[in-house]
Each structure stands twice: as C-alpha cells, then as structure tokens.
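Here's the structure we're looking at; comments come further down.
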Amino acid sequence: MQKEVYGCERMGAIKMRGNIVLSVWFLLLAVQVSLAGEWYVGPDGKATNVGTKEAPWDITSALDGSQKVAAGDTIYLLEGTYRRRPQELFEVRLVGSEENPIQIRPLSGERVSPRQQHSGARIDGGLSMQNPSAYVWVRDLEIFVSEPLPEKPVSSGSAPDDLKRPWGGLNMYGGQDCKYINLIIHDCCQGISCWKDAINAEIYGCIIYNNGWLGTDRGHGHCIYTQNDQGLKVISNCIMTCRYDGTYTLHAYGSERAYVNNYLVEDNIFYNRGPFLIGGGRQSYNIRVFRNYLYNVDMRIGYDAPYNENCELRDNVILDGELTVNRYKKVVQEGSLIIKRDQKRPEGARVVLLPNRYDRNRAHLAIFNWEKSEKVTVSVSPFLKSGDSFRLMVPEGLFGSPALSGVCRGDVIEVPVRGDFAVFAVLRNER
C-alpha cells in the first residue's frame, strides 16, 4: 500500500515537473516572440539613426548586416523611392531562422490602388542577395529601373558595352531558404536572376513584366533566368510576360558546365510573349511542372543535353503554343491540355482562380475564352464572398485604373474579355 502511495506521489511530482517545463517553454517562446524587433528604413534615413519610424535607418546599412537585425525581426520600408547610383543593387546579408525568418516589407503593406501611380515602397534599382543570408522573406515591394531604354537597338550579345543603363532587378547570388513574395518587377534589364548558390529559394506571387532590352540581334533579358543543383527551387503563383522576341518568361538554362536540376514550377501564368524553358547542355533531373497556364507561349522541357533523367508534367494548359519534351529517360505527363495555334478550341471557357497563400486579399485570374465571348462568368467563391468589393487589374497596368471594379453579389462575377485570353490580379478590399 505504501508502495502504491509512493508511486502516485512520484507520478504526481513527475507530472508537476513536466507541467513546469512546458510552462517555461511557452514562456520562453512568448518572450522570444515579444523580443522580435521592428525596424524602420526611409529613403532619407541614416546609418547613425536608431531605426525608428521617426529616425529611420538608410536602406544600405539595414540590409547589408551593418545594423543589429536578429532572427524574427521585421524591416519596414517607409513610403518612397530608394535609389542609389552607380551601384544600383542594394546587398542583403541577413540571417534569420526557420522558426523566425527576417522580413523585409513596406510599412503598411500598401496594395495597388486606382489612385496610386506607384506602390508604397519602390526600389529604383534592385536587390543583390548574398551569403550568409538565410531565412529572409522579401515581400510586397516594387522593383524597377527609372532610366529609359535606348531609343535604338544596342550591340548584339548579352553584355553590350553600349547599354548604358543600370541592370536592376532581383539578383540571388546566395541565400539559403529565402522567400521572395508578391514582388512587382518591371523595366529592369532582367527581372530575376536566381543562381545555383541560392539554395531552396522560393519565388511566389511575383508579377514580372516589361523587362529586357533590344539588341541588333534580338531581345535580351528574361523574366526569370535561373540555374540550380542542390536543394529545391520553387516558382509558384507568378505572372510573367516579356517585352521582346528572343527573351524568355522562364529561362532555366545553362551550358554543359551549368546545373539545371530540382525545380518545382506550379500555378503560374505565362502569356503573350516569351518561351518557357527548363533545360541546358548538362543533363537535368527532378523537374516538376504542375498546373501552369500558358497563352501564346511554348513550353520546352530539355534543351540539347545528350540525355536527361526524369521530369513530371501534370495539368498544364497551353493555348496557341506547343509542348516539347527532349531526351528524358523517364517522363510522367498527365492531365495537360495543349491547343496549338491552328487547332479547334473547346466550347465555353476555362477559368482559373489562384488565391495567394501569403495575402488573403489577393488572387491571380486566367481566363481561356475559347469562344471569344464578350463576357465570361467567373466563380470567385470562396476567395470573394457576397458583399466584398474588389478590383481586377491588368498585370502591366497595376498602377492605373482597374479593368473592372465592383461589389460581389453571390459567388460569381461577370468579367469582360477581349479575345481568347485574359489575365488579371484580383484585389479584394480589406474586410
């Protein structure tokens, strides 16, 4: 009997100690969250300031590791334009953690408005992600180059001496497990450059348009130019279109010395101009391409390598384009719809609504208007509910007037469409 009582007391003590340990763990977690810093950056900020809204840092010292930015902190960019010449790329050297990433974002998360001519925080130039950056989220920024393009084509090649214009864009030379979310990138020489040393990069929700330049040979500069080996590169929920023939929406490519492996490309919209390519001179493996929507854009998986290992293509839609798969040992291809330029269209329309994982008030919309109807009925539930006000913005006109605005009545909206394809960013006003 005494043993039983002793056993109960012992179990009660163990349980109490367990509860104390658990309580301490939750307390430490709460303290860690409460200690996450909020820092402020302004176009006229200074490195010697304290990083508050009233005395913001400059963008250079805030991003390059000069300031004491810790895991879990958020760097808020105050409204305005951030510009530096001749070094137009601001380097990022920040280290967060998997549980507590560092975020770089506009202060109030300003979204596109019909009354705005630009977004809240604008980078006139670009960003350069460098090691040892890790677990950094860059989101909701506008990145562009303000210098005009040359009036005439410049010399041929990818690095002409007579292209006297900043490169700009988002350039990933390093960084591990970083995310690039809901960026608007336009009028740069190249939108995104995502190289092998950017491990496990995720490009999500970005709208990329009007990048590149015209040479005497062809257009140059792509929406995304990328190579990869270790880790997985994810490109998801983006909208991309090119300005010039000769440029690519997705250019995952390299010579026989480069690596083009381990890609997941899903739920993107590519349209009007700029082929989609994953492949190079060296054999590729682990290529997955799911639920992408292409209009007047060809998709090519594999380039001129003697052979490639494995690829998986599922549920892609290509209108007025072709799909080519080159020299793969193992190919899985299921559920895709490819309609070439001279083929008969189906009846009705196909509507694709892609809600945004990081912003509950945003989605991307693609409409394949097979019969070229003047209006297409779009089911918007559960993204929009009855009574929600919304705006449909053309990707290249994000800072202009909406193509359609109104209040949702029921679970459908009527969208005017010109021709056989349309694409929009759908923005819901805050509930």
* To do: Give a yes or no on this: more than 12 heavy atoms of other residues, nucleotides or ligands lie within 6.0 Å of atom CD of Glu371.
  => yes
* Kindly give the heavy-atom pair with the smallest separation between Leu232 and Arg288, and that separation in Å. => CD2-NH2, 3.7 Å
* Asked: Partners of Tyr295 by ring pair (Phe, Tyr, Trp, His ring centres under 6.0 Å), sequence neighbours excluded?
  -> Phe421
* Asked: When you measure from the centre of the six-membered ring of Tyr76, is the NZ or CZ of Lys53 under 6.0 Å away and within 45° of the axis?
  -> no
* **Verdict with reasoning, Ile192 to Met172, per side-chain contact (heavy atoms from CB on, under 4.5 Å)** => CA-CA 8 Å; Ile192 294 178; Met172 304 176 208; 3.8 Å; yes
* **Flag for Glu396-His186: side-chain donor and acceptor within less than 3.5 Å** => no
* To do: Given side chain to side chain donor-acceptor pair (under 3.5 Å), test Ser155 with Asp162 step by step and report yes or no.
  => CA-CA 7 Å; Ser155 301; Asp162 52 342; 3.1 Å; yes
* Does a salt bridge link Lys179 with Glu202, judged by any charged N lying under 4.0 Å from a carboxylate O? -> yes
* To do: Using distance alone, with no hydrogens and no angle criterion, decide if Asn262 and Asn286 have a side-chain donor and acceptor under 3.5 Å apart.
  => yes
* Quick one: list whatever passes salt bridge (charged side-chain N to carboxylate O under 4.0 Å, His left out) with Arg93, sequence neighbours left out. => Glu91
* Report the relative orientation of the aromatic rings in Trp57 and Trp39; use parallel for angles under 30°, tilted for 30 to 60°, perpendicular for over 60°. => parallel
* To do: Taking the side chain as every heavy atom from C-beta outward, state whether Asp298 and Phe276 have any atom pair closer than 4.5 Å.
  => no
* Asked: Quick one: side chain to side chain contact (heavy atoms under 4.5 Å, CB included) partners of Asp315, sequence neighbours excluded?
  -> Arg291
* To do: Would you please name every residue forming a ring pair (Phe, Tyr, Trp, His ring centres under 6.0 Å) with His220, sequence neighbours left out?
  => Trp213
* **Distance-only side-chain donor-acceptor flag, Ser389 / Asn429, under 3.5 Å** => yes
* To do: Test Asp320 against every option in Gln343, Arg341, Arg345 by the side-chain hydrogen bond (donor to acceptor under 3.5 Å, both in side chains) rule and name the one that passes.
  => Arg345
* Asked: Under 3.5 Å, is there a donor-acceptor pair linking the side chains of Lys233 and Asn228?
  -> yes
* To do: For Gly168 and Val145, work out which heavy atoms get closest and say how close.
  => CA-CG2, 3.7 Å
* Asked: Could you state the interatomic distance from CD1 (Ile104) to OG1 (Thr74), rounded to the nearest 0.5 Å?
  -> 10.0 Å
* Considering all heavy atoms, the nearest Asn268-Cys238 contact -> OD1-N, 2.8 Å
* To do: Using distance alone, with no hydrogens and no angle criterion, decide if Asp187 and Asn210 have a side-chain donor and acceptor under 3.5 Å apart.
  => no
* Which residues share a ring pair (Phe, Tyr, Trp, His ring centres under 6.0 Å) with Tyr293, sequence neighbours left out -> none
* Test: Arg273 cationic atom under 6.0 Å from Tyr244 six-membered ring centre, within 45° of axis -> no
* Do the charged groups of Glu309 and Arg327 touch, with an N to O distance under 4.0 Å? -> no
* Asked: Under 6.0 Å from the six-membered ring centre of Tyr259 and within 45° of its axis: does the NZ or CZ of Arg282 meet both?
  -> yes
* Residues two or more places apart in sequence or in another chain: which of them pass ring pair (Phe, Tyr, Trp, His ring centres under 6.0 Å) with Tyr253? -> His251, Tyr303
* Cation over ring, Arg122 on Tyr82, under 6.0 Å and within 45°? -> no
* Structure fact -> Shortest non-hydrogen pair, Ile143 vs Cys188, comes out as O-SG, 4.1 Å
* Asked: Is Glu88 paired with Arg165 through a side-chain N to carboxylate O contact shorter than 4.0 Å?
  -> no
* Measure the spacing between CD1 of Ile203 and CG of Leu250 and express it to the nearest 0.5 Å. => 8.5 Å
* To do: Go through the steps to decide whether Val378 and Val412 satisfy the test side-chain contact (heavy atoms from CB on, under 4.5 Å), and finish with yes or no.
  => CA-CA 5 Å; Val378 174; Val412 299; over 6 Å; no
* Which atoms form the tightest heavy-atom contact between Ser284 and Asn261, and what is the distance? -> CA-OD1, 3.2 Å
* **Minimum-distance pair of heavy atoms, taken over all atoms of Gln190 and Tyr225** => NE2-CB, 3.3 Å
